[in-house]
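Please read the structure below before turning to the comments.
Atom set for the values below is all heavy atoms of this structure, side chains included, hydrogens, waters and symmetry mates excluded. As the structure lists them, so they are numbered: ligands from 1, and atoms in each ligand from 1. Only a predicted model underlies this, so the values are computations on that prediction, with no experimental measurement involved.
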Amino acid sequence: MGWNNWNAFGCDVSEELLLTTSDAIISLGLRDLGYDYVVLDDCWQDANGRDKNGKLQPELNKFPNGLKSISDHLHSKGLKYGMYSSAGEMTCARFAGSLDHEVDDANSFAEWGVDMLKYDSCYHMGRVGTPTVSFNRFKAMSDALQATGRNILLNLCNWGEDLVHTWGMSISNSWRMSGDIYDAFTRPDDLCGCNTLAPGDVNCVAPGTHCSVLFILNKVAPYADRSIPGGWSDLDMLEVGQGGMTDEEYKAHFALWAGLKSPLFLGNDLRSMSPKALSIINNPAILALSQDPHGRSMTRVRRDTNVAADEWGIGETHVWAGHLHNGDQAVILVNFGGKDIDIKVSLAELFIPFGPGGSAPHNKFDWAIHDLWAHRMSEATAESLIAASTEPERAAILKAANWYNATEIPYEKGLREEDPRLFGEKIGVVKAGGVLKEKVKSHSAKVFRLRRVKKEGEVFKGKSIDRVTKDEL
Ligand code: GAL
């Protein structure tokens with residue numbers, strides 16, 4: 001979790017941007033929700049290339065005090081420092097890339113105190129086309145980073161090429177699986193390559209830019225389960241707060257990225273945050289999906305394309321679901337179509353991974369439905385948090401709102417201790433063997449945590465439901 005400058009600022013980067021943004025992360029309470037990586041994307045390099053010793057160098061007009069001073073500053077504030085390069089001759093913005101300079105560059109990153117490297121794939125010099133060729137090109141940097149002895153996360157950015165989801169986890173911590181996101185929910189755009197791929201066809205060449213939230217979800221759906229603790233599909237940086245989507249669309253985008261365990265990199269200008277955007281990204285009940293200790297992505301249970309179309313000719317609904325560490329089940333019902341719709345899903349269908357055809361033990365219990373947006377921060381509180389000018393003032397606002405603080409209570413502990421701030425609000429029950437049915441407005445999502453209703457004296461006391469086999473029932 002953190003922030004990356006690319007979506008809002010592109011190449012307009014500077015020391016000042018990073019430092020003022022890091023102040024905002026802290027004062028808005030975002031660091032204490034887990035957003036601790038500040039990532040400098042492309043365009044930090046000197047346009048004249050490497051120095052006479054072959055070292056990458058920053059553009060001094062943008063970074064007058066060098067890069068180590070930035071990481072020192074971030075570390076002193078309890079934040080981490082991310083940087084960017086490309087497994088190519090040049091970066092995508094045509095600055096010097098790291099291909100065949102991996103050892104030198106990894107050493108520079110380690111010297112500068114870098115904690116994460118986003119590693120792009122532009123100007124790859126033709127070293128692409130099969131999984132092995134791409135793997136070897138990226139592995140060189142993975143090995144070089146490891147050899148530095150510094151713990152540096154590696155975020156691959158080859159946009160899903162060469163089936164990165166089949167090998168990314170062995171050399172990196174996350175891998176981008178699509179072309180670049182843009183600030184649109186369903187709108188198709190020719191700049192997003194492969195936007196006419198058949199469902200399930202993951203082999204896209206030239207993934208492009210301007211990929212919608214829906215496109216990215218459809219692309220990752222066939223292999224969402226490849227995300228494992230320590231290695232995650234990266235659905236690209238968030239667009240929340242950028243202005244191109246409605247509040248409901250941003251809520252859906254954010255919850256899906258959290259539920260699918262994508263890295264959560266905020267992509268908006270944190271120094272001019274709107275109260276609505278803040279109250280989306282700071283919802284601890286949604287963040288607890290992202291940070292759930294079980295560490296598996298939600299997967300798509302159903303896609304229905306036979307629904308009323310929106311203004312872009314898109315009509316589809318999705319049901320996404322996933323198992324959580326404490327036995328709860330996360331469920332997201334999304335309506336990408338043009339009309340409000342009742343979306344239904346049975347317990348039997350939700351729990352197929354535990355036994356097909358309604359045979360899962362889970363199907364025999366009642367499940368309480370918890371709405372995870374129920375306790376979203378009020379607009380008035382978010383507004384006063386943004387307007388407050390001193391640290392004590394902000395701390396008092398967060399305290400009065402009883403806001404979750406993951407630095408004090410890590411999510412794992414909060415979940416274990418059933419901190420109510422992570423569980424939304426109970427709004428109903430799905431009876432054993434029953435069906436979850438909810439009205440979902442056009443271009444929005446419902447986000448639930450289903451909690452098994454424990455029965456007095458139930459036979460499985462002391463034993464997690466997930467370990468109960470159907471024969472034991
Ligand atoms: C793209 C990448 C973007 C951004 C950009 C910088 O390849 O997907 O996220 O890093 O390069 O030039």
Side-chain angles (χ1 to χ4, degrees), residues 1-14 17-18 21 37-47 49 56 58-59 62-63 81-99 105 109 114 116-128 134 137-138 141 153-162 164-165 168 172-184 189 191-195 204-213 215-216 219-220 232-240 242 244 253 257 262-269:
M1 292 171 64
W3 174 84
N4 173 308
N5 66 266
W6 182 256
N7 284 356
F9 297 94
C11 277
D12 192 8
V13 291
S14 64
L17 173 64
L18 298 186
T21 298
Y37 284 84
V38 174
V39 183
L40 169 60
D41 210 285
D42 205 350
C43 309
W44 56 267
Q45 307 89 330
D46 189 318
L56 286 175
E59 161 69 68
K62 296 174 179 170
F63 301 97
Y81 183 36
M83 278 191 74
Y84 165 100
S85 190
S86 179
E89 189 186 31
M90 291 188 285
T91 70
C92 299
R94 303 175 68 87
F95 291 90
S98 294
L99 187 63
D105 294 357
F109 297 134
V114 167
M116 182 201 124
L117 179 69
K118 170 173 173 178
Y119 201 41
D120 217 330
S121 194
C122 284
Y123 299 99
H124 46 56
M125 309 301 287
R127 282 144 76 170
V128 69
S134 283
R137 185 161 49 93
F138 284 97
M141 181 55 90
L153 293 187
L154 179 58
N155 170 226
L156 305 186
C157 181
N158 79 335
W159 327 290
E161 283 183 353
D162 286 343
V164 62
H165 61 279
S172 73
N173 304 94
S174 56
W175 49 90
R176 275 274 299 282
M177 40 55 62
S178 77
D180 293 7
I181 192 170
Y182 84 140
D183 196 8
D189 189 305
L191 285 177
C192 178
C194 316
N195 64 6
C204 161
V205 177
T209 58
H210 284 206
C211 297
S212 68
V213 164
F215 174 86
I216 291 174
K219 179 110 193 286
V220 80
W232 315 96
S233 289
D234 177 356
L235 278 56
D236 206 357
M237 284 93 67
L238 294 157
E239 293 286 3
V240 179
Q242 294 267 73
H253 163 39
W257 263 230
S262 171
L264 295 179
F265 286 114
L266 304 169
N268 58 326
D269 184 350

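Under a 4.0 Å criterion applied to the non-hydrogen atoms of Asp41, ligand 1 contributes the atoms 4 (C), 6 (C), 10 (O). Each of the following atoms of ligand 1 lies closer than 4.0 Å to a heavy atom of Arg176: 8 (O), 9 (O). Shown in contact with Lys118 at under 4.0 Å from a heavy atom are these atoms of ligand 1, numbered in order with element: 3 (C), 4 (C), 9 (O), 10 (O). Near Cys157, meaning under 4.0 Å from any of its heavy atoms, are these atoms of ligand 1: 2 (C), 8 (O).
Asp180 OD1, 2.5 Å is the protein heavy atom nearest to atom 8 (O) of ligand 1.
Within the 3.5 Å criterion, the main-chain N or O of Pro263 finds no donor-acceptor partner in the side chain of Asp234. A donor-acceptor contact shorter than 3.5 Å is absent between the side chain of His253 and the backbone of Val213.
Residue-ligand proximity: Asp120 is placed with a non-hydrogen atom under 4.0 Å from ligand 1.
When Asp42, Asn4, Asn155 are ranked by how near their heavy atoms come to atom 12 (O) of ligand 1, first place goes to Asp42.
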*Begin from the C-alpha positions of Trp159 and Val164 and carry the test side chain to side chain contact (heavy atoms under 4.5 Å, CB included) through to its verdict.*
CA-CA 8 Å; Trp159 327 290; Val164 62; over 6 Å; no
*Output, in order, the C-alpha distance, side-chain angles, deciding distance and verdict of side chain to side chain contact (heavy atoms under 4.5 Å, CB included) for Asn4 and Tyr37.*
CA-CA 8 Å; Asn4 173 308; Tyr37 284 84; over 6 Å; no
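Put simply, the side chain of Lys118 reaches to within 4.5 Å of the side chain of Arg176, judged on heavy atoms.
In this pair, Tyr182 and His210 present their aromatic rings parallel. The plane angle is below 30°, not in the 30 to 60° band.
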